[in-house]
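Worksheet for the structure shown next.
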Amino acid sequence: MDKDLKVGIVGFGLRSGLWKHAHKPGKGSEVTIICDLSERGRADAAQRIPTARITADLDELLTSGLDAVLVLTPDNQHAAVAVRTLKAGIPTFCEKPLDITVEAADLILSTAFETGTRLYVGHNMRHMPVVVQMRQLIEDGRIGDVKAVWCRHFVGHGGDYYFKDWHAQRANVTSLLLQKGAHDIDVIHWLAGGYTKRVAAVGDLAVYGDVANRADNTGKRMGDWFSLDNWPPTEQKDLAEVIDVEDISMMNMVLDNGVLASYQQCHFTPDYWRNYTIIGTKGRIENLGDGPGETINVWTSRSSGYAAPDEVITIQDGEGGHGGADPRLIEEFLRFASSGGRTQTSPIAARQAVVAGILAAESLRGDGSAREVPELPAELVAYFDAGQPALVRD
């Protein structure tokens, strides 16, 4: 790379920490402009990157000669921004989830296809060591053919992370099965080698809806109120004035390759981690803990009752957020923005995770019956699966 890529950022809030991986003047990339509608966001951006131009005007960013842009807005604004950056011809990183409706997610994909502008979706868990290591075990054939994937998600910080700000309202996220669960639905699909074709779910606002201590937290951020002392969940303080998303949900999935999967999410547990179990025709894999130094356990021999795993693998470490996943995510995006090619993340997979989460929310808020995932046009799938190659267009 002869000169630094000029990188823009739209939205300088909860995921703004990605700037440090994109802003490396003299080493390949520099954040040159940041757009945020809030005074606090602009002030924070100016403090973090004094050399960047700060604006509230998206048009100013779109016409600033960028080589790449990170869309880090709240979820329900992803399509509103990404469609414009794609139409402006700027290779676009869209934070997960792709958006909060099927229509908006599909609009982003179709815009990228029609314009030929490169689209990358920030599913950083595809770069997390625990996930990468489990997938490698599957690829190596250690447990045979995958037949089932179960994920239990203990969201111990749920009250602080999701029930005190915009995440607490359906209008902003549709459901936490989508907002939070999109990560894990994508991982389930990746580990299983298929996408959800049918989904059903149950769920409830079981705890936080009954907590009377509420506040208007406008202008505040999670770091202003987060504390491990906010316990037990029934004694949480300053919850959002409006809460209409579930704090416990469970979804069952039938994948297009026959694999059966389930995802359970609870926002009032004392601990915070994900537990995956992958069952194959020759064994099973289960992680105990999901961070560096914790373990992936592999059983490949039969036993009576509980038995120690046949192999215990230590989860690797890496510098940067999410066990080193965040810097690898941005590194891959910038390489893709500059040179194209295949990536570990996938816009099609991102869409399929969104749709599964949306339909699961519809199911649990209805009668719990199964919903069928609508298919995408074959030419769209082929385009993204091929790495978004340049197309000869009429």
Side-chain angles (χ1 to χ4, degrees), residues 8-19 33-49 52-61 70-82 84 94-101 104 122 155-182 205-247 265 267-268 272 321 361:
I9 297 176
V10 184
F12 207 78
L14 292 174
R15 286 292 279 159
S16 62
L18 293 176
W19 75 265
I33 185 168
I34 300 168
C35 177
D36 195 291
L37 295 179
S38 72
E39 290 186 10
R40 178 169 181 174
R42 294 194 298 274
D44 287 349
Q47 181 181 31
R48 300 293 191 279
I49 313 177
R53 193 189 331 172
I54 311 299
T55 182
D57 183 359
L58 183 58
D59 286 328
E60 183 179 348
L61 178 140
L70 309 182
V71 177
L72 309 179
T73 63
D75 304 345
N76 64 344
Q77 296 301 309
H78 286 174
V81 175
R84 294 189 64 189
C94 183
E95 175 59 2
K96 74 87 208 166
L98 200 52
D99 205 286
I100 69 167
T101 69
V155 192
H157 299 339
D160 282 345
Y161 278 7
Y162 301 104
F163 290 87
K164 297 187 178 182
D165 63 5
W166 56 269
H167 293 89
Q169 294 187 45
R170 298 180 187 187
N172 299 324
V173 298
T174 295
S175 164
L176 294 177
L177 265 182
L178 168 60
Q179 203 290 326
K180 184 64 170 169
L205 179 56
V207 172
Y208 295 122
D210 295 329
V211 176
N213 194 309
R214 306 293 182 97
D216 179 358
N217 294 316
T218 303
K220 296 181 180 179
R221 291 189 184 160
M222 189 269 295
D224 298 329
W225 59 64
F226 177 83
S227 174
L228 293 179
D229 294 331
N230 292 335
W231 185 260
T234 52
E235 297 177 17
Q236 265 282 5
K237 297 177 176 61
D238 297 336
L239 294 186
E241 292 178 315
V242 177
I243 298 176
D244 61 3
V245 295
E246 295 77 16
D247 53 22
Q265 177 191 94
H267 288 267
F268 47 86
Y272 189 14

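Remark: H78 engages no residue in a side-chain hydrogen bond (donor to acceptor under 3.5 Å, both in side chains) (not counting sequence neighbours). Considering only residues two or more places apart in sequence or on other chains, E241 meets the salt bridge (charged side-chain N to carboxylate O under 4.0 Å, His left out) condition with none of them. The ring-ring contact (aromatic ring centres under 6.0 Å, His included) check on F163 picks up Y208, H267, with sequence neighbours excluded.
A side chain to side chain contact (heavy atoms under 4.5 Å, CB included) with V245 is found for one member of Q179, K180, R170 and no other, namely R170.
A distance of 8.0 Å separates CD1 of I9 from CG of L18, quoted to the nearest 0.5 Å. N172 CG to Q77 CD: the interatomic distance, rounded to the nearest 0.5 Å, is 8.5 Å.
Contact detail for E95 and G122: the closest heavy-atom pair is OE1-O, 3.7 Å. Contact record, A56 with C35: C-SG, 3.9 Å, taken as the closest heavy-atom pair. Looking at every heavy atom in both residues, G159 comes nearest to L239 through O-CD2, 4.1 Å. Scanning all heavy atoms of the two residues, the minimum distance from D75 to I100 falls at CB-CG2, 3.6 Å. In this structure, D247 and V207 approach most closely via the heavy-atom pair OD2-N, 2.8 Å. The nearest pair of heavy atoms linking N213 to D238 is OD1-N, 2.9 Å.
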What's the verdict on salt bridge (charged side-chain N to carboxylate O under 4.0 Å, His left out) for D36 and R48, showing C-alpha distance, side-chain angles and the deciding distance? CA-CA 14 Å; D36 195 291; R48 300 293 191 279; over 6 Å; no
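Q236 and D160 share a donor-acceptor pair across their side chains, judged by distance under 3.5 Å alone. Side-chain contact check for D57 and T55: no donor-acceptor pair (N or O, by modelled atom type) lies under 3.5 Å.
At a threshold of 4.0 Å, the pair D59-R84 counts as salt-bridged, since one of the basic side-chain nitrogens sits closer than that to a carboxylate oxygen.
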